[in-house]
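Comments concern the structure below.
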There are 2 protein chains.
Amino acid sequence: MTPLSLSPRETARRRLLDALRREGPMARVEIGHHLGMSPASVSELAAGLLDEGVLVAEDSADQGSGLLRGRPKTRLYFAETLGSVVGVWTGFNRIELRLLDSAGRTRASRHVERPLRNLGGEELMDVLAHTIAAFAEESGARDVKAVGLACQGYVDTRDGIVAWSPVLGTRDLPLASGLSQRLGKPVLMENDASAMAFAIAQRNADLRSGRTACLMVGDGVGLGFLIQGELYRGARFGGSEFGHVRLRRSGPQCRCGGRGCIEAYLADYALHRDAQLIDHRPAPTLLLPGEEAMEAIVEQARSGDTALLNLFHAAGEVLGDAVGILIQTLEPDHIVICGPGTRAMDLLRPAFEAALKSQTIPELRALATIHVVESSMDLLTEGVVMQALRELDLDLARLRAA
Amino acid sequence: MTPLSLSPRETARRRLLDALRREGPMARVEIGHHLGMSPASVSELAAGLLDEGVLVAEDSADQGSGLLRGRPKTRLYFAETLGSVVGVWTGFNRIELRLLDSAGRTRASRHVERPLRNLGGEELMDVLAHTIAAFAEESGARDVKAVGLACQGYVDTRDGIVAWSPVLGTRDLPLASGLSQRLGKPVLMENDASAMAFAIAQRNADLRSGRTACLMVGDGVGLGFLIQGELYRGARFGGSEFGHVRLRRSGPQCRCGGRGCIEAYLADYALHRDAQLIDHRPAPTLLLPGEEAMEAIVEQARSGDTALLNLFHAAGEVLGDAVGILIQTLEPDHIVICGPGTRAMDLLRPAFEAALKSQTIPELRALATIHVVESSMDLLTEGVVMQALRELDLDLARLRAA
DNA sequence: TTGATTTATTCAAGCTGTGAATAAAGTAGG
DNA sequence: CCTACTTTATTCACAGCTTGAATAAATCAA
């Protein structure tokens, strides 16, 4: 779906629409300032977009706050008629749904508790298609133009195939085409950490310059890597399942079948499992703990439970090693630690910082500023929709051109 | 030195000169075919370069091998008058020197055995300047336009500062400016693994497409990463000292002061040290073993020495883990293992492949083709000169433009 | 109503790259 | 030796994109 390289026009167009989605309605001059474009260029681009019906000019009414001299600005924004996109995140036993309009504004969202792990490929696609259709229906959205779908695992973003995912029982599942058939709409896929990284960078201009490595800790551990605000694409898959890098030769069991993966220390399921073991309760199945259960563990640790503190210490150390590897390999300008796992950052931090320090020389460590962003999974659905919207923008332009 | 982004013209110019350096003299049509450029563009570009005196047209004499119909080609190539560049690699107790003309052809090369580790910054720069000047002198090169210098460690390519290097006793040494003052010529620096990666990619077109991670194993372990044939640049330093990623919590001692780094298993000094320990000889100082010593160890292992085989087994395992991390993080299209360390690839391979397999899922592993390139350190000096030449090309163009 | 002020558009010009026509420089063959 | 043919190189007009400057537009202030 994504073309190899964009024409200058397409790039400029994309920059303009991206800016509008991030900043809200803007007048042409403002866009020019924002993007460092000449007024002539903005005018030209805007004329095209207005012509195509992508943008509309705002009524020059009540914007009067400030100087009222000179010709008033006419702000541009997305046409309401462009339709909307549903963003979906599939977790272990939970589906997160969100409806956004073409401007990127949330119109509705909800989540569904539903175990997905034991479904076959066809069943899963049926369930997803049904859930998505029902959500669109109940949200009164009759103008859904596409679906953006994010999940853990190795996601081939071009073909919409999930090569492997801890969430799925099946390998090499053509999820996008299957859903697309069922829903009659294009379905665009993304690795979940990549989607999260993109969404976070949309909200922080700093993170859109240079290189940003975004480590998402939650149900698993994923990595989204951005260069100049654009997602780095590897040979085939989008984001990396960085959580399955094996850091300890003989560490705890991981969902992937291996041992000592980063995930096996840091992910919710791992912390929960190990906490249960301490309490001599029977080892739980691989069902993911809910947020309350995780909060309870964190609280217990904060109140001084030594055995639990040791767990977080080990996890923090692994996090430090992981960030150390990222710094040594990618030398990013920014490192973001995000996802539900940041809830315990206070507990992780001492060991995290000690491990990071022992891995990297100060000159190297000084390069990357480390941001801890408390982000829940619903930001993620925003990210995947944003990416989908950009693809639709392109398609629209090409359709007109042809 | 390197500008943030190149103008279209500069890009085209660079592509043309790169192609000529790689492929040798070519006629305009051939260049056009090679680069997918229209004859009109090539003509225009070439006219400029001929005008500036960068290129000259070959005498249309003795090229007659093949069809002789039609207007004969006039091949273009670099003017002899453009001068030459010295490429230098500084190792632990060895300096590798090479003189190349502006076409990238080697005119002279030699190496000097000289311990460098215990010199202070000023002393080191004196020694290097003297060695380089003497080499240029003895090679009869009176037209040296610049020096390219590669070494291990964290090299700030923009400012020519070595933040840390196992080779140097000093931190944050402004090596480029120091040498530049002494020699009266511009000095361009590069991390040694990056230089090697670039040189190898110049010789293999495959490696110039997509993403190529190049792991150099020798005195240490370094990583050069290429995207579409261009060196990936992190926030500050060029290549990464990937060898100092700590893979084992309590592994053998590393030169960096840490334990369990990749280097501490794979680098020549590590293998040599551990081999000595087996033989109950006193642990050697950090002097690097020569090629003969390393060959001897490898031969002894090949003949069935179990203790030595175990060393190579452990090293191979670490190599597999390292490549696994690279695949999981960068998802490259190509992985190159190069440097003197490949001499023992047969011994490393079984453990290497087993470790790699246990780290990565087959879908992921299938993406990256693994190339083992037997390359000695003198290829490296070629790489650093190539990069320096490209910078000079740009400077030349800008000089004329101004 | 006029002038000041800010926003938007238009226009000519520059830079880059291309296809098509044209020129150039030879060989092949009579 | 001349003509036809073939391949290489250049020229030229044009298209795509961006820009600075001039111009037009839309409002408020006086």
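If you're wondering where the values come from, they're calculated on a predicted model, not measured in any experiment. To find a chain, count down the sequence lines: A is the first, B the second, and so on, and within it residues start at 1.
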Nearest-angstrom distance from the residue atom CG of A/Leu35 to C1' of D/dT19: 16 Å
Heavy-atom pair of closest approach, residues A/Val85 and A/Ala388: CG1-CB, 4.3 Å
Electrostatic pair A/Asp393:A/Arg14 at N-O distance under 4.0 angstrom: no
DNA chain C-proximal residues of residues 19-28 of chain A, any heavy atom under 4.0 Å: A/Ala27, A/Arg28
Phosphate OP1/OP2 of D/dA9 contacted by B/Thr74 side-chain N/O (<4.0 Å): yes
Chi angles and distances behind the side chain to side chain contact (heavy atoms under 4.5 Å, CB included) call for B/Leu231, B/Glu190: CA-CA 10 Å; B/Leu231 281 170; B/Glu190 194 67 68; 3.9 Å; yes
Nearest to side-chain heavy atoms of B/Arg69, which nucleotide of C/dT10, C/dA28, D/dC28: C/dA28
5'-most by nearest nucleotide on DNA chain C - A/Val42 or A/Gly70: A/Gly70
Distance in angstrom units between A/His33 NE2 and C/dT7 P, rounded: 8 Å
Check: B/His371 and B/Leu207 side chains under 4.5 Å, non-hydrogen atoms: yes
Intermediate values then yes/no, salt bridge (Lys or Arg N to Asp or Glu O under 4.0 Å), A/Asp143 and A/Arg107: CA-CA 12 Å; A/Asp143 56 354; A/Arg107 292 226 281 238; 3.3 Å; yes
Shortest non-hydrogen contact from A/Gln202 toward A/Arg208: O-NH1, 3.2 Å
Whole angstrom value for the distance that separates C1' of D/dG16 from CZ of A/Arg13: 16 Å
Contact letters for nucleotides 15-22 of chain C, in which S counts primed atoms plus P, OP1 and OP2 and B counts the base, heavy atoms under 4.0 Å: -SSBB---
Rounded interatomic separation in angstrom, taking CD1 from A/Ile31 and P from C/dT6: 20 Å
Distance in angstrom units between A/Arg71 CZ and C/dT9 P, rounded: 6 Å
Whole angstrom value for the distance that separates C1' of D/dT6 from NZ of B/Lys73: 12 Å
d(CD, A/Glu44; P, C/dT10) in whole Å: 10 Å
B/Arg9 vs B/Glu44, salt bridge (Lys or Arg N to Asp or Glu O under 4.0 Å): CA-CA, chis, key distance, verdict: CA-CA 11 Å; B/Arg9 251 299 151 70; B/Glu44 160 89 1; 2.9 Å; yes
Pairing residues for B/His34 by the side chain to side chain donor-acceptor pair (under 3.5 Å) criterion, not counting sequence neighbours: B/Glu23
